[in-house]
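Just below is one structure, and these are the notes that go with it.
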Amino acid sequence: MIAVEAARRLAAGHQPHGARTPAQAFDPTSFLDFLTGEDVTWKTESSIGPRGLE
């Protein structure tokens, strides 16, 4: 499902050209939200503490 959605988005032509990481080629939130229709859940966690990176 992930590869099909990535191919669909690339074929739509709204992505930047050239070699890119997945996060550069697609909006991560939008892409992951698409997968919730396939019973995939996701969340983000921060590793930044009160004084900066830890």
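Along the sequence shown, residues carry numbers from 1.
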Discussion item. Tell me every residue that passes side-chain contact (heavy atoms from CB on, under 4.5 Å) with T21, counting only those two or more places apart in sequence or in another chain.
Written reply: A23, Q24

Worksheet item: At their closest point, which heavy atom of F31 faces which heavy atom of E5, and how far apart are they?
Response: CE1-CG, 3.7 Å

Using atom types as modelled, flag every donor-acceptor pair under 3.5 Å from a side chain in residues 34-41 to any protein atom, sequence neighbours excluded.
from	atom 1	to	atom 2	distance (Å)
T36	OG1	D33	O	2.6

Worksheet entry | Test side-chain contact (heavy atoms from CB on, under 4.5 Å) applied to A3 - qualifying residues, sequence neighbours left out | none

Worksheet item: Can you tell if the side chain of W42 reaches within under 4.5 Å of the side chain of T29, non-hydrogen atoms only?
Response: yes

